[in-house]
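What you see is a predicted model; the values in this text were computed from it and never measured. Atom set for the values below is all heavy atoms of this structure, side chains included, hydrogens, waters and symmetry mates excluded. Letters A, B, ... are given to chains in the order of the sequence lines, protein chains preceding strands, and every chain is numbered from 1.
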There are 2 protein chains.
Amino acid sequence: MSPKFLRSLQSNRPDLPEAEKDPLYVQSLGRAMQVLSAFHQTDKPLTLQEIATISGVGRSAVQRMVFTLRAMGYVDRDPDDRGYVPGLRILDHTLDFQRLNPVVVKAAPVLLELRRMARERIDLSLWDDLRLVYASRLQSKREILSSTLIGHKVPLFCTSGGWAILAHLTDAEADALLTRSDRTQCTPKTITDIKQLKREIAKAREKGYAVAHEQILSGEIAMAAAILDANRRPVAAIHLAASLAEWSPEEFEKQFAPLIIQAARTVSRA
Amino acid sequence: MSPKFLRSLQSNRPDLPEAEKDPLYVQSLGRAMQVLSAFHQTDKPLTLQEIATISGVGRSAVQRMVFTLRAMGYVDRDPDDRGYVPGLRILDHTLDFQRLNPVVVKAAPVLLELRRMARERIDLSLWDDLRLVYASRLQSKREILSSTLIGHKVPLFCTSGGWAILAHLTDAEADALLTRSDRTQCTPKTITDIKQLKREIAKAREKGYAVAHEQILSGEIAMAAAILDANRRPVAAIHLAASLAEWSPEEFEKQFAPLIIQAARTVSRA
DNA sequence: CCATTAAGTATCGCATTGCAATACACTTGT
DNA sequence: ACAAGTGTATTGCAATGCGATACTTAATGG
């Protein structure tokens, strides 16, 4: 019904069977999920109207779907403010993901061990096209930021994890990803120049891990190593982040590089 | 199409509008989500057949839906083992929930402050009928268990959080919930006798918080206070959990009770 | 206090589209 | 080589989703 959006659903999924070519092969389920996804683009409860316009689905249809979603607990009414919000039942699927995703499962004990030894913040993020999606977080002693940001996304091009992953791709692939990226600065120090980025990636390729200085958050230094699948393709990254107030870049790197390499390798092997 | 399941979707949602009465008012979206929910009942990748039988949806329909869900990223193929697993895109909705749920949002800073003062594990769980669903977790110094168990569920009847919530209901309501509960022991110390449970609830009602000794996990002591909505109805609980190796029950209670009461009250007020 | 706008809800009929049935391609084990 | 079990593709009928429409509250404002 909304051809552009249907097309967009299918981009960047070259591994799908042939019928993919036909946009209409995405059934009404697509519209329904698009309704649920309307919440991605807001930070306050939504009315039916708003959901309809954001998702590009007709008002009536939205009303039916929201009704159903509400009956199932995927959508709730906001008690105070008037409008709808995502419902509790969503977390059931979150748990399914965490329990069943092979990388997350295999990484869990390794991350714990890594945190035990490093005593800094450890993250696991999964690669999704131009972004990394955080799937697990082990907090360090004092957490400053939002509690548990499972599902948070960071750009591939300006994070240690992104560099670590790009380092395991061919130059052509990495290039393509970098140029497709929306390279806007996160901090004043964020590197956006492709030449410079490629230098960082080359460094990462050589060392087996990447280090990012204040690329995404001022005052933070991060290190990451990529996790590979059975075909030696990168699928995820383990991050270790610390405060520049406590570590000099040299110490930081020297201290943790062996640990993180070891951790990533442990998770990678079949 | 599967009347029994459709009915079940609508139970325990008395706040829904009238058309609820008609099971068929749950459209095919219901079937689709049931397909996604098939993963709730497994701990390994599923084949189409298995999804079909678990969800009670026809093989063909499952294939179509899984195809669509895969195109959108809600389902992935397991790389090694043959079968399907929940996909990354689910985490997008997790984040939406965390960003938009009023209780989670309002509680976040309070939880951080509470952890800063208590230096023990802090959880926020939301009440969903007979269970509590964990929505946020702040880890303590050494985490033993699974990393981030957002979405994990614990029974209402045998947790400090559950007691805290039951304490804010009428006796009749609490009774109904307790009798409906599947009261099987989690640990040898888990209380299953309704009389005893009601005593615990009465204690909680009096003190304003509940304490549970090894009810769900041996060696763990937990304390919780309920979060109320605008109508003074409980909707969530803040938990504080620690090891019995480090605390005597008396010290534990004395130390943390004022903190947790204060925290819960802060989140509760409009 | 009535007019007005906007939100949520419900109804209905047509044609869209989802689904059962079916067949095929591919892998695996006997 | 066959059988059993995967995933995939096609097709036609009728179930059902959706647009159009109208009703009910609730909130705003003259």
Side-chain angles (χ1 to χ4, degrees), chain A residues 1-3 5-6 10 13-35 38 42 44-71 75-85, chain B residues 1-3 5-6 10 13-35 38 42 44-71 75-85:
Chain A
M1 261 283 141
S2 54
F5 127 65
L6 290 174
Q10 297 156 338
R13 308 220 139 245
D15 55 319
L16 287 176
E18 174 210 321
E20 163 188 30
K21 266 51 187 266
D22 181 9
L24 295 179
Y25 209 77
V26 170
Q27 51 189 161
S28 89
L29 214 190
R31 260 160 281 157
M33 294 318 265
Q34 196 71 188
V35 164
T42 183
K44 58 171 204 11
L46 292 177
T47 70
L48 289 178
Q49 287 280 30
E50 294 170 316
I51 295 177
T53 51
I54 291 179
S55 64
V57 178
R59 223 185 87 91
S60 294
V62 166
Q63 126 81 353
R64 277 288 290 268
M65 289 173 175
V66 167
F67 178 92
T68 303
L69 291 170
R70 201 142 85 90
V75 167
D76 262 349
R77 199 119 241 288
D78 186 84
D80 327 316
D81 201 357
R82 166 146 305 156
Y84 297 100
V85 292
Chain B
M1 259 283 139
S2 52
F5 127 64
L6 290 174
Q10 299 158 336
R13 309 220 138 246
D15 54 322
L16 287 175
E18 172 208 322
E20 161 189 30
K21 266 51 187 265
D22 181 10
L24 295 179
Y25 207 78
V26 170
Q27 53 189 159
S28 90
L29 213 190
R31 260 161 281 157
M33 295 316 268
Q34 195 72 183
V35 163
T42 183
K44 60 173 204 2
L46 292 177
T47 70
L48 289 178
Q49 287 280 30
E50 295 170 315
I51 296 177
T53 51
I54 291 179
S55 64
V57 179
R59 226 184 83 91
S60 296
V62 166
Q63 127 81 352
R64 275 291 290 270
M65 288 172 176
V66 168
F67 177 92
T68 303
L69 291 170
R70 199 142 85 91
V75 167
D76 263 347
R77 199 119 239 289
D78 185 84
D80 327 316
D81 201 356
R82 166 147 305 153
Y84 296 101
V85 292

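Applying the 4.0 Å criterion to OP1 and OP2 of D/dT8, one finds that B/Arg64 has every side-chain N and O outside that range.
When the P atom of D/dG17 is taken as reference, atom CD of A/Gln34 falls 19 Å away, rounded to whole Å. For the pair A/Asp78 CG and C/dA7 C1', the interatomic distance rounds to 14 Å; values are reported in whole Å. As a whole-Å value, the separation of B/Met65 CE from C/dG18 P is 9 Å.
Of the options A/Val62, A/Leu48, A/Asp78, a side-chain contact (heavy atoms from CB on, under 4.5 Å) to A/Tyr84 is made by A/Leu48 and by none of the others.
Counting only heavy atoms from C-beta outward, the side chains of B/Met33 and A/Met33 approach each other to under 4.5 Å.
For B/Ala38, the side chain to side chain contact (heavy atoms under 4.5 Å, CB included) test picks out B/Leu46, B/Ile51, B/Ile54, with sequence neighbours left out. By the side-chain hydrogen bond (donor to acceptor under 3.5 Å, both in side chains) test, B/Thr47 is found to be paired with B/Glu50, residues two or more places apart in sequence or in another chain being considered.
Closest heavy-atom contact between B/Met65 and B/Val35: SD-CG2, 3.7 Å. Looking at every heavy atom in both residues, B/Gly30 comes nearest to A/Thr68 through N-CG2, 4.2 Å.
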Pairs under 3.5 angstrom, nitrogen or oxygen only, protein versus nucleotides 5-7 of chain D, please.
unit_1: D/dG7; atom_1: OP1; unit_2: B/Arg77; atom_2: NH2; d: 3.2
unit_1: D/dG7; atom_1: OP2; unit_2: B/Leu48; atom_2: N; d: 3.1

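Where the helix from C/dC1-D/dG30 to C/dT30-D/dA1 starts and where it ends, the local axes point in directions that differ by 40°; five pairs per end, rounded to 10°.
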